[in-house]
Amino acid sequence: MSKPLVGIIMGSESDLKVMQEAADILTQLGVEFELTVVSAHRTPQRLMEYAASVQERGLKVIVAGAGGAAHLPGMIASVTVLPVIGVPVKSSNSIDGWDSVLSILQMPSGVPVATVALNGARNAGILAAQIIGTNDKTVSDKLTAYKEELKAKVENSIRELKIAGYTNTFDNE
Ligand code: RP5
């Protein structure tokens, strides 16, 4: 096994049901990753040590998920210069998800976090792979094949709707 290039972290093990999707798509795209819990509020020392170690351990991108008062992605971004992708999680302590979205999204100038949609861990994984793919043709080829699959699914649903009898004057052949 080669060294992980993406670090997936989350504020609590309870976030794993969402964050697993980032792990799954990275596995599908052949990108090595590591995954652990780092809590900004419950283990602040670990947060600082983790963030300080990422570059020397060879990671290239961090995917960080948290819910409620979600400070983990922003605090990691405050320490490292690696790109940080934030995943707002709709957790048990979240009012409606907006608390987590805004905590991760509304970063001060100078400390960006690339924020995906609420529970959007799959997109976070894809974005991480796209960053890795800028310098890795194997990964970028897998991403191209993945996009082709997405296109084929849409084309298939267009055919099925036609077969089901829906009028569509746009795709008239
Ligand atoms: C956040 O609090 C975590 O990221 C999690 O989304 C939420 C709830 O954590 P638990 O109480 O389930 O451990 O810090």
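Computed from heavy atoms alone, side chains included, the values below leave out hydrogens, waters and symmetry copies. Numbers here are sequence positions counted from 1. Counting starts at 1 for both ligands and their atoms, in listed order.
Of the possible donor and acceptor atoms, none in the side chain of D141 sits under 3.5 Å from a partner among the backbone N and O of T138. Side chain of R42 to main chain of G11: no donor-acceptor pair is present (N/O by atom type, distance under 3.5 Å, no hydrogens or angles). Using a distance-only test at 3.5 Å, with no hydrogens or angles considered, a donor-acceptor pair links the side chain of S100 to the main chain of A66. The closest donor-acceptor contact from the side chain of D99 to the backbone of I95 lies under 3.5 Å. The closest donor-acceptor contact from the side chain of K142 to the backbone of A129 lies at 3.5 Å or more, if one exists at all.
Using a 4.0 Å cut-off to heavy atoms of A66, the atoms of ligand 1 that qualify are 4 (O). Residue S91 approaches ligand 1 through these ligand atoms, each under 4.0 Å from one of its heavy atoms: 6 (O), 7 (C).
Ligand 1 has an N or O atom lying under 3.5 Å from an N or O atom of S14, backbone or side chain.
Distance from atom 11 (O) of ligand 1 to its nearest protein heavy atom, with residue and atom name: R42 NH2, 3.2 Å. The shortest contact between atom 14 (O) of ligand 1 and any protein heavy atom is with G67 O, 4.1 Å. The protein non-hydrogen atom at the shortest distance from atom 10 (P) of ligand 1 is S12 OG, 3.5 Å. What sits closest to atom 7 (C) of ligand 1 on the protein, heavy atoms only, is N93 OD1, 3.2 Å.
Shown here for A51 and I76, the closest heavy-atom pair between the two residues is CB-CD1, 3.9 Å.
Selection from V37, D15, V18 by nearest heavy atom to atom 6 (O) of ligand 1 gives D15.
Residue contacts with ligand 1 do not include H71, since none of its heavy atoms lies under 4.0 Å from the ligand.
Of the N and O atoms on the side chains of D24 and Q20, at least one donor lies less than 3.5 Å from an acceptor on the other residue.
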